[in-house]
Structures are given as structure tokens and as C-alpha cells.
Amino acid sequence: DGKELSATVTLKANTAYTAVLYTAKGTRGQTLSSAAEVSFTTAADFPKGKVTGKVECAGGTSSPKNSLVGLLTTDFVSVILRILPNPSQATEVLRSTLAAITYVSSDNGEFTISNIPDGTYWPAAAKDEDLDGSLEPTGNPPEAIGFYDLDGDLAATRADSVKISNGTLIQNIKIIPFGTSSFCGQ
């Protein structure tokens, strides 16, 4: 009827979930004006871990607004290597390695990912430029992807990770565009 959104999922015990609806088109052609985020848990309480940061744009060009930012359970380079042989599977590969997600709601690129359980994660970001609901970093033109690069080596061996332990707050990480993709219209 064009008024309801549903998904069939199997929930795990003692797990925090976040869903982000970042693109949608109504039956009369209207589009979603801004992303919506919903979090819930099957545990008694949410995990206490949190990561804050910023999707960076060189030279202050355009906006990273509406980029999706996530914490991957596998390093960024390994994820890209899984995508390259079969680019049409990019969205599924990203979903299967995603532990937590949020979206950039403003032009300044700042984000917060909350409710993160203990573990090691690789921060990454993507931007669905054409708002078709699919992330296509190997498309023509490629859609924007980026990663956390604490040591400044441009992921020469592996992208950098963050470790959440006992509700850690990791602050001020920066996610930079990768390869020819750009969050910022460069």
C-alpha cells in the first residue's frame, strides 16, 4: 500500500541492532528528505562502546552529508578484495561484515556510532550517490567509499582499526576517501 516498510529478520539474543533508512521513494515519486535511524537491543541494556569522528573532505569542497559510516568486523582491504571480483555483490559484502552503522546528518561530516559491543573494528564509510539503495564502489562513476587511516599509510597493508573494551569511547577518528571515489565532489 506504499505506507509500510517491513523486513523479515532473525534476531540474536543479547545483541544491539541499528537500522538506517537513508533512501526511499514514495508511490507518487516523493523522496526521503533525510535518513532515519532506529536502534534496539535484545539484551537487558545496550553495549556502552562509542566511536565519534568525522568524514573528511579535502579543501572544504562539497559535503559528506548522508554518507553511511560503519564499523566492519574485517579489515577494509579484505572487504575491497572480496568486492572486486564481483562488484554487484558490494552491498551484500558490506552488510555481512558490518557490526554497527550510522549516517552523517550534517555538512560538517561529524558522526557518532553508539551501542558498540567489545571487539576490534575497522571504521569505513560509503555514500550512495545515486540513492538507488545499492553501494557501488566499482561502478562508473564509482560511488564514494572511505576508511580510517590513523597511521597515514593509505591502507598500504591494512586499514587501521579501533578496539572497544569495557565500553570504550573512541573520539575524533577521521575517515578519508579511498581511491578515485569521493564523498566531497572532488
Side-chain angles (χ1 to χ4, degrees), residues 16-24 32-40 46-58 60-80 82-83 90-137 142-151 154-155 158-164 167-179 181-186:
Y17 294 91
T18 299
V20 175
L21 178 63
Y22 67 93
T23 184
L32 187 65
S33 60
S34 64
E37 183 173 308
V38 176
S39 296
F40 64 95
F46 281 100
K48 304 295 184 213
K50 183 184 284 190
V51 173
T52 68
K54 186 174 188 173
V55 175
E56 290 252 309
C57 295
T61 59
S62 286
S63 170
K65 184 176 180 177
N66 296 324
S67 296
L68 298 171
V69 179
L71 299 178
L72 305 176
T73 57
T74 304
D75 75 274
F76 180 80
V77 172
S78 294
V79 170
I80 294 302
R82 284 180 56 196
I83 292 170
T91 298
E92 189 52 41
V93 169
L94 291 170
R95 281 184 189 144
S96 71
T97 60
L98 190 62
I101 191 169
T102 192
Y103 66 98
V104 176
S105 61
S106 66
D107 291 329
N108 68 12
E110 293 177 356
F111 65 87
T112 298
I113 303 175
S114 300
N115 309 321
I116 307 167
D118 290 354
T120 300
Y121 303 100
W122 287 263
K127 190 168 183 182
D128 182 9
E129 300 282 355
D130 58 11
L131 298 175
D132 68 353
S134 179
L135 301 172
E136 299 148 336
E143 291 186 314
I145 56 174
F147 62 95
Y148 176 50
D149 189 27
L150 178 64
D151 60 15
L154 299 177
R158 296 206 178 269
D160 299 315
S161 62
V162 296
K163 184 173 178 93
I164 302 294
T168 310
L169 168 62
I170 308 288
Q171 296 183 16
N172 303 318
I173 70 166
K174 294 178 183 175
I175 296 179
I176 62 169
F178 172 75
S181 64
S182 170
F183 292 98
C184 310
Q186 300 165 8

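Throughout, residue positions are numbered sequentially from 1 according to the sequence presented.
Residues passing the ring-ring contact (aromatic ring centres under 6.0 Å, His included) test with Phe40, sequence neighbours excluded: Tyr17. Partners of Tyr22 by side chain to side chain donor-acceptor pair (under 3.5 Å), not counting sequence neighbours, listed by chain and number: Asp128. With sequence neighbours excluded, the residues that form a side chain to side chain donor-acceptor pair (under 3.5 Å) with Thr102 are Glu37.
Put simply, the side chain of Asn115 never gets that close to the backbone of Ala16: no donor and acceptor are under 3.5 Å apart. One N or O on the side chain of Asp160 and one on the backbone of Asp151 form a donor-acceptor pair closer than 3.5 Å. Although no hydrogens or angles enter the test, the distance criterion places no donor-acceptor pair under 3.5 Å between the side chain of Thr97 and the main chain of Thr73.
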Quick one: do Leu71 and Ile113 satisfy side-chain contact (heavy atoms from CB on, under 4.5 Å)? Show the steps, please. CA-CA 8 Å; Leu71 299 178; Ile113 303 175; 3.9 Å; yes
Run the side-chain contact (heavy atoms from CB on, under 4.5 Å) check on Thr120 and Trp122 step by step: do they pass? CA-CA 7 Å; Thr120 300; Trp122 287 263; 3.9 Å; yes
Is there a side-chain contact (heavy atoms from CB on, under 4.5 Å) between Ser114 and Lys48? Walk through the geometry before answering. CA-CA 7 Å; Ser114 300; Lys48 304 295 184 213; over 6 Å; no
Under the side-chain contact (heavy atoms from CB on, under 4.5 Å) criterion, do Tyr148 and Val162 qualify, and how do the steps go? CA-CA 9 Å; Tyr148 176 50; Val162 296; 3.7 Å; yes
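Residues Leu68 and Phe111 are not in side-chain contact: their nearest non-hydrogen atoms beyond the backbone lie 4.5 Å or more apart. Side-chain contact check for Leu94 versus Val79: some heavy-atom pair is nearer than 4.5 Å. Within the 4.5 Å cutoff, no side-chain heavy atoms of Pro64 are placed close to those of Glu56. Looking at Val51 and Ile116, their side chains come closer than 4.5 Å, going by heavy atoms from C-beta outward. Contact check for Ile164 versus Tyr121: side-chain heavy atoms found under the 4.5 Å cut-off. The side-chain heavy atoms of Lys127 and Val104, taken from C-beta on, include no pair separated by under 4.5 Å. In this structure, the side chains of Leu98 and Leu72 come closer than 4.5 Å at one or more pairs of heavy atoms.
In this structure, the separation between OG1 on Thr74 and CD1 on Ile80 is 12.0 Å, given to the nearest 0.5 Å. With values rounded to the nearest 0.5 angstrom, Phe46 atom CZ is found 5.5 Å from Ser39 atom OG. With rounding to the nearest 0.5 Å, the separation of NZ in Lys163 from OG1 in Thr168 is 9.0 Å. Atoms CD1 and OG, from Ile173 and Ser161 in turn, are 10.5 Å apart once rounded to the nearest 0.5 Å.
Across all their heavy atoms, Ser78 and Asp75 have their closest contact at OG-OD1, 2.7 Å. Taking every heavy atom of both residues into account, Gly146 and Phe76 meet most closely at O-CE1, 3.6 Å. Closest non-hydrogen pair, Ser105 versus Lys65, comes out as O-CE, 3.4 Å.
Side-chain contact check for Thr112 and Thr52: no donor-acceptor pair (N or O, by modelled atom type) lies under 3.5 Å.
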